[in-house]
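Okay, so here's the structure we're looking at.
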Amino acid sequence: MLQSIQTPNIAIPRDPEGGLTLKLSQARQVKLPLALIDVPVFEYLPFRSPSRCLDAISIKLAVIGDLDRAQTRHAETVSSKVLIHDAQALRKEASIICLKGFDRRDDLEGFRRLEGFPCALLKLAPDYWASLGSKRRSDLRRQQKAAKNIRRVRHKGLPAEYAAKILELYHQTRNKADLKLLKHGPNYFVRTADVSTYLLYFLDKELVGFHQLVCLEKTLYSQYVGMDYSIAKDYRLYFNMLIDCIDYGLEHSFAEVDFGITSYRYKLHLGCELRSTWNYFQLTHPLLNRFLPLLDAVLSPKPAMLQ
């Protein structure tokens with residue numbers, strides 16, 4: 001059964017698939033994602049040393065915002081006053097509160113603003129490929145030629161017969177990533193099936209890669225990719241996943257593709273612009289909150305991750 005904490009404007013489900021319902025007015029409300037996460041304290045500190053005892057120490061982090069994307073949808077519609085008021089209900093639930101992927105604000109009193117990962121956005125127009133210029137088009141054709149032996153299949157929703165392999169490839173890619181916050185299980189892929197299209201990549205008869213596209217209104221989200229790294233480099237698999245996503249967006253008249261975070265040099269080569277995002281942090285203990293600036297280096301993206 002779903003348990004909640006109730007306040008006049010807020011319901012905080014303990015279920016990880018729930019969200020935070022914010023009342024904007026008598027007639028309007030918006031639901032933002034909410035995640036309560038146990039974060040190993042010493043894993044993210046620069047002076048950590050391997051220790052079974054230290055690794056067992058964690059703090060509860062409450063994240064209001066979309067952990068799956070750089071920007072939180074509809075965040076700009078929620079006033080700072082509402083956020084400050086309703087975040088108070090999380091104080092007994094977590095040691096640190098994070099408002100993730102919001103716009104830049106100066107009036108979130110008690111929160112420390114830090115720049116987050118930029119969002120790689122690509123505006124789509126019918127003449128997209130022509131606008132790139134001949135040099136870049138030639139380079140992208142070379143990338144596609146490297147994958148000529150890869151068979152591609154588009155599938156609306158989660159392909160049940162490949163669900164286990166998709167999960168395996170997802171974990172293989174996640175394990176190589178520098179940033180590991182969310183760890184999805186099969187329920188995530190089932191839950192998002194209705195809004196997803198999968199680009200599947202086969203070498204001979206073996207599934208070697210997938211690209212989950214999430215379609216919401218006029219934006220196409222490049223959500224998750226997974227690939228077999230033993231062949232990915234030789235076949236330029238990642239670059240081809242990005243190119244195929246753009247083709248899908250153009251065919252279905254999307255206004256933009258949200259390519260999310262990391263691997264920025266690939267995405268800039270395709271013409272993406274990098275849009276700034278902002279995260280806001282607050283330690284729920286008032287006396288400790290004044291020392292939050294000491295954690296700026298831990299709570300901010302590392303320079304290597306911005307390449």
Side-chain angles (χ1 to χ4, degrees), residues 1-2 13-19 31 33-38 63 65-70 72-73 120 144 147-217 219-249 251-252 254 257-263 266:
M1 176 177 249
L2 192 66
R14 298 179 186 275
D15 186 284
E17 297 177 12
K31 184 176 181 179
L34 170 67
L36 297 174
I37 306 169
D38 290 306
V63 181
D66 205 325
L67 282 169
D68 287 314
R69 304 189 186 106
T72 294
R73 293 180 73 238
Q144 291 176 305
K148 65 180 181 180
N149 292 326
I150 297 292
R151 180 169 62 92
R152 297 160 167 84
V153 174
R154 291 179 181 177
H155 192 282
K156 182 68 176 174
L158 178 65
E161 64 272 33
Y162 296 112
K165 186 64 176 180
I166 284 172
L167 189 63
E168 178 190 323
L169 293 170
Y170 159 75
H171 284 302
Q172 188 178 149
T173 301
R174 183 183 181 276
N175 290 339
K176 288 183 69 70
D178 293 323
L179 184 68
K180 301 181 183 72
L181 193 54
L182 281 180
K183 184 177 182 179
H184 287 305
N187 286 345
Y188 163 79
F189 295 98
V190 172
R191 192 174 74 249
T192 57
D194 288 348
V195 293
S196 298
T197 294
Y198 282 82
L199 309 183
L200 305 176
Y201 298 81
F202 295 86
L203 182 60
D204 297 324
K205 295 183 179 180
E206 182 73 16
L207 181 67
V208 294
F210 79 89
H211 192 171
Q212 182 194 17
L213 309 181
V214 171
C215 313
L216 295 174
E217 298 170 356
T219 300
L220 179 64
Y221 292 91
S222 168
Q223 194 75 4
Y224 284 111
V225 302
M227 65 191 82
D228 181 344
Y229 281 87
S230 68
I231 59 94
K233 185 176 181 181
D234 290 341
Y235 290 93
R236 305 294 193 271
L237 202 52
Y238 182 65
F239 229 137
N240 275 276
M241 288 178 173
L242 301 183
I243 293 169
D244 293 343
C245 176
I246 294 170
D247 282 337
Y248 183 91
E251 288 174 28
H252 291 81
F254 283 96
V257 179
D258 185 334
F259 278 115
I261 64 173
T262 71
S263 302
Y266 296 103

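Index from 1, following the sequence. These values consider heavy atoms only, across backbone and side chains, with no hydrogens, waters or symmetry-generated copies.
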> CZ of Arg69 to OG of Ser222: how many Å apart, nearest 0.5 Å?
Replying inline: 11.0 Å
> So do the side chains of Thr173 and Tyr229 get within less than 4.5 Å of each other, counting heavy atoms only?
Replying inline: yes
> Passes side chain to side chain contact (heavy atoms under 4.5 Å, CB included), Leu203 versus Ile150? Steps please.
Replying inline: CA-CA 5 Å; Leu203 182 60; Ile150 297 292; 4.1 Å; yes
>> Determine whether Thr192 and Gln223 satisfy the following criterion, side chain to side chain donor-acceptor pair (under 3.5 Å), listing intermediate values before the conclusion.
In response: CA-CA 10 Å; Thr192 57; Gln223 194 75 4; over 6 Å; no
> Taking atom SG of Cys245 and atom CG of Leu220, what is their separation to the nearest 0.5 Å?
Replying inline: 4.5 Å
> Which word best sums up how the rings of His184 and Tyr170 line up, parallel for under 30°, tilted for 30 to 60°, or perpendicular for over 60°?
Replying inline: tilted
> Would you find a donor on one side and an acceptor on the other, under 3.5 Å apart, between the side chain of His211 and the backbone of Leu213?
Replying inline: no
>> Apply side chain to side chain contact (heavy atoms under 4.5 Å, CB included) to residues Asp247 and Ile243 and explain how you reach the verdict.
In response: CA-CA 6 Å; Asp247 282 337; Ile243 293 169; 4.2 Å; yes
> What's the verdict on side chain to side chain contact (heavy atoms under 4.5 Å, CB included) for Ile37 and Leu67, showing C-alpha distance, side-chain angles and the deciding distance?
Replying inline: CA-CA 11 Å; Ile37 306 169; Leu67 282 169; 3.5 Å; yes
>> Students often mix this up, so state it plainly: with edges at 30° and 60°, are the rings of Tyr266 and Phe239 parallel, tilted or perpendicular?
In response: perpendicular
>> Contact between Tyr224 and Val214 at the side-chain level, heavy atoms closer than 4.5 Å - yes or no?
In response: no
>> For a 4.5 angstrom cut-off between non-hydrogen side-chain atoms, does Arg73 reach Leu216?
In response: yes
> Which heavy-atom pair separates Asp228 from Ser230 by the least distance, and what is that distance?
Replying inline: OD1-OG, 2.7 Å
> Got Asp68 and Tyr221 here, is their nearest side-chain heavy-atom distance under 4.5 Å?
Replying inline: no
> Closest heavy-atom contact between Gln212 and Ser196?
Replying inline: NE2-OG, 3.0 Å
> Which residues pass the side chain to side chain donor-acceptor pair (under 3.5 Å) test with Tyr248, sequence neighbours left out?
Replying inline: Thr197
Indicate every side-chain donor-acceptor pair of residues 158-169 with a distance under 3.5 Å to a residue at least two apart or in another chain.
unit_1: Lys165; atom_1: NZ; unit_2: Glu168; atom_2: OE2; d: 3.2
unit_1: Lys165; atom_1: NZ; unit_2: Glu206; atom_2: OE2; d: 3.3

>> Within the supplied structure, the quantity of interest is the number of heavy atoms (other residues, nucleotides, ligands) at a distance under 6.0 Å from Asp38 CG; does it exceed 12?
In response: yes
> Do the non-hydrogen side-chain atoms of Phe254 and Cys215 ever get within less than 4.5 Å of each other?
Replying inline: yes
>> Contact between Val63 and Leu34 at the side-chain level, heavy atoms closer than 4.5 Å - yes or no?
In response: no
>> Taking the six-membered ring for Trp, are Tyr201 and Tyr235 closer than 6.0 Å centroid to centroid?
In response: no
>> Is it true that, when you exclude Lys156 itself, more than 12 heavy atoms of the residues, nucleotides or ligands shown sit nearer than 6.0 Å to its NZ?
In response: yes
>> Do the side chains of Asp244 and Arg152 get close enough for a salt bridge, i.e. N-O under 4.0 angstrom?
In response: yes
> Who pairs with Arg151 by side chain to side chain donor-acceptor pair (under 3.5 Å), at least two apart in sequence or on another chain?
Replying inline: none
